[in-house]
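Given the structure is predicted, the values throughout are model-derived calculations rather than measurements.
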Amino acid sequence: MRLSSIDPDDTPALRKERGAFFTPDEITEFIADWAIRSAGDLTLEPSAGDAAFLVAAVRRLRELAPHVDTRPTVEGVEIHAHSARVAQQRVRDVGGKAKIRHSDFFTVEPEPIYDAVIGNPPYIRYQDFSGESRVRARQAALRGGVSLTGLASSWAAFTIHSAMFLKQGGRLGLVLPAELLSVNYASPVRRFLFDRFRDVQLVLFDEQVFPEAEADVVLLLADGYLEGPASHATIRQSKNAADLALLGEGQVWTPSDPAGKWTGSLIDPKATESLAKLVERGVFTNLQTWGETTLGIVTGNNKYFTLSPQRAKELGLQRGELLRLSPPGSSHLRRLALSTAMLNKLGREGQATLLFYPGNTPSKEAAAYIADGHRTGVDTAYKCRVRKTWYRVPLVPAADLLLTCMNADTPRLTSNEAGALHLNSVHGVFFDKQYRELGRELLPLASLNSVTLLHAEMVGRAYGGGILKIEPREADSWAMPSPASIIKHANAFRTVKQQVADLLDHGKLLEAVQVIDQIVFEGKDGLTAQQIKHIRRARAELADRRTVRSASGR
């Protein structure tokens, strides 16, 4: 932090609560230099904080008019009173004049008079962004013609509201979460940017530049407000904030749908072209063609409701009061199938392969366990207390496939041969009747191909620790070999099934993928060796990006 005087009442926790993460000089100077192009440019920082961007703006304005003796004026809005006072002083200290309004930015009526709006919007996740603040934010976004869902974090509305302060032709330079590229709730923001601006640039980082925020960021540089739509975006890459001065010209990227995910902007166009051709030929489709993906069971207290066979035996629970369960987590779902033998083995090893589910008239032993849950407060957990009967968990039917949703490598599809129920630590895939037999047997195998691995990186999202998460809606669009393609190669898949299973047992995922690639991409409807090479390289770059950002953020 660069506050010239610290407010003793403004703790790190309070700053995080209002989304205040102060910005490195290299970033503020880079954005100010890009956005401010003449000594007369009127500049606004909508969340001024300690005036990091306004200080950079003053430096830039003085640089553009070195012989002018007047103090350049810059403007800002800041919700925190102490920060607003410090901002005024910091601007004066560097030879500028500041007009800082102490206010919630969402209550400020837009005046479209600014040449440049620059800054680092507050980043408050939707869970903490509630009440009057959320209402004001959504109303501000609606004034810009954008309707945001209840899942939107604070930066989304802030971006829309900031743009509305620009005059025609103005420039918007913001530090935004990398969620801009991938989350569903940002879809209307992505469309807004392409529709309203003539030119859109994104600067991406290999390393985290805000480790304390636990979020990756991108720099949004949008030029030519009300002169859109933009025909493409320019994607530029920097190792970290210190390397911004070394940026190249970047690459041009044209989205098929500006509202769709922008993760395709990170990928070599040769790889995405190959994917598009496979879909066009009917070789690939999406997972939703096969069936529906759903969330798993929410118990409210896994430690209480999930039991190992040994623990169930100690409690004296009857077989009819226990249901077969894929244990919490997903480390056991890295093979082609979860068989009954595997589930039994997990149980013998002490894993929780049983779900407590007593009948309407619990046995004496079950009643004792229920009483123990009441005594220890299990029934007071939200998910438990809102049930008609707190100890009867709402069930989700046994899925055809289990889909791992939090992954260090890639999402996996595992055939649920054991017919086990699943918790919300994984997703369930339920096949359409016509594809059920084929899908259960061969889709987990066929999905281990380079295109599906690449597309998982595109439709999923990176989380802390380099984890790739995929939600049911994202899984719906995940690229899979089509039913027709799997039928065509069914015998070849069956021939290599044991070989692939052995490779997976030894943790050799990429070797297994090479085996499947030889089947999926052979023939005139497939891909050349060079095209497969582009796809593998693109997938490796995205996976490495997750890992590098995770390491840099520790």
Side-chain angles (χ1 to χ4, degrees), residues 18-19 44 46-47 77 79 103-112 114 117 119-168 170 172-200 202 215 217-218 220-231 233 255-265 288 295 459-461 469 471-477:
R18 69 176 187 270
L44 173 71
S47 180
V77 180
I79 195 170
S103 176
D104 180 341
F105 180 55
F106 291 124
T107 67
V108 179
E109 192 70 24
E111 289 184 272
Y114 296 92
V117 175
N120 182 359
Y123 179 58
I124 308 172
R125 294 184 185 275
Y126 78 93
Q127 298 97 323
D128 303 313
F129 187 45
S130 58
E132 287 297 317
S133 296
R134 177 180 290 280
V135 171
R136 289 194 294 270
R138 295 185 72 179
Q139 288 173 343
L142 280 171
R143 287 196 293 271
V146 174
S147 177
L148 296 173
T149 73
L151 297 177
S153 297
S154 58
W155 68 267
F158 212 94
T159 301
I160 305 301
H161 195 49
S162 296
M164 295 173 66
F165 286 76
L166 290 169
K167 63 170 61 171
Q168 182 172 346
L172 182 67
L174 299 177
V175 182
L176 296 180
E179 290 177 359
L180 169 68
L181 307 179
S182 62
V183 296
N184 294 325
Y185 75 72
S187 175
V189 180
R190 295 190 285 264
R191 182 173 295 282
F192 173 89
L193 293 171
F194 257 72
D195 285 349
R196 301 292 180 92
F197 288 90
R198 181 185 68 250
D199 179 73
V200 175
L202 298 172
V217 300
V218 299
L220 169 70
L221 309 175
D223 193 359
Y225 183 60
L226 297 181
E227 295 178 351
S231 61
S256 56
D257 176 10
K261 291 194 175 189
W262 288 3
T263 43
S265 65
Q288 194 168 33
L295 297 168
V459 300
R461 63 189 77 170
K469 183 174 184 180
E471 298 287 7
R473 281 186 61 187
E474 295 160 348
D476 286 343
S477 61

>> Can you list everything that forms a salt bridge (Lys or Arg N to Asp or Glu O under 4.0 Å) with E471? Sequence neighbours excluded, please.
In response: K469
> Salt-bridged, R190 to D257, with N to O below 4.0 Å?
Replying inline: no
> When rounded to the nearest 0.5 angstrom, what distance separates CZ in R143 from CZ in R138?
Replying inline: 14.0 Å
> For L176, which of T159, L202, V189 qualifies under side-chain contact (heavy atoms from CB on, under 4.5 Å)?
Replying inline: T159
> Who are the salt bridge (Lys or Arg N to Asp or Glu O under 4.0 Å) partners of D104, not counting sequence neighbours?
Replying inline: R136
> What are the two closest heavy atoms between S154 and P122, and how far apart are they?
Replying inline: OG-O, 2.7 Å
>> Once ring-ring contact (aromatic ring centres under 6.0 Å, His included) is applied, do any residues pair with F158, and if so which ones, sequence neighbours excluded?
In response: F105, F106
> Between G170 and F197, which heavy-atom pair has the shortest distance, and what is it?
Replying inline: O-CE2, 4.0 Å
>> Would you compute the distance between atom CE of M164 and atom CG of L166 and round it to the nearest 0.5 angstrom?
In response: 10.5 Å
> What is the ring orientation for Y114 with F165, classed by angle as parallel under 30°, tilted 30 to 60°, or perpendicular over 60°?
Replying inline: tilted
>> Using every non-hydrogen atom in the two residues, find where V108 and S103 come nearest and quote the distance to one decimal.
In response: CG2-OG, 3.8 Å
>> Students often mix this up, so state it plainly: with edges at 30° and 60°, are the rings of F194 and W262 parallel, tilted or perpendicular?
In response: perpendicular
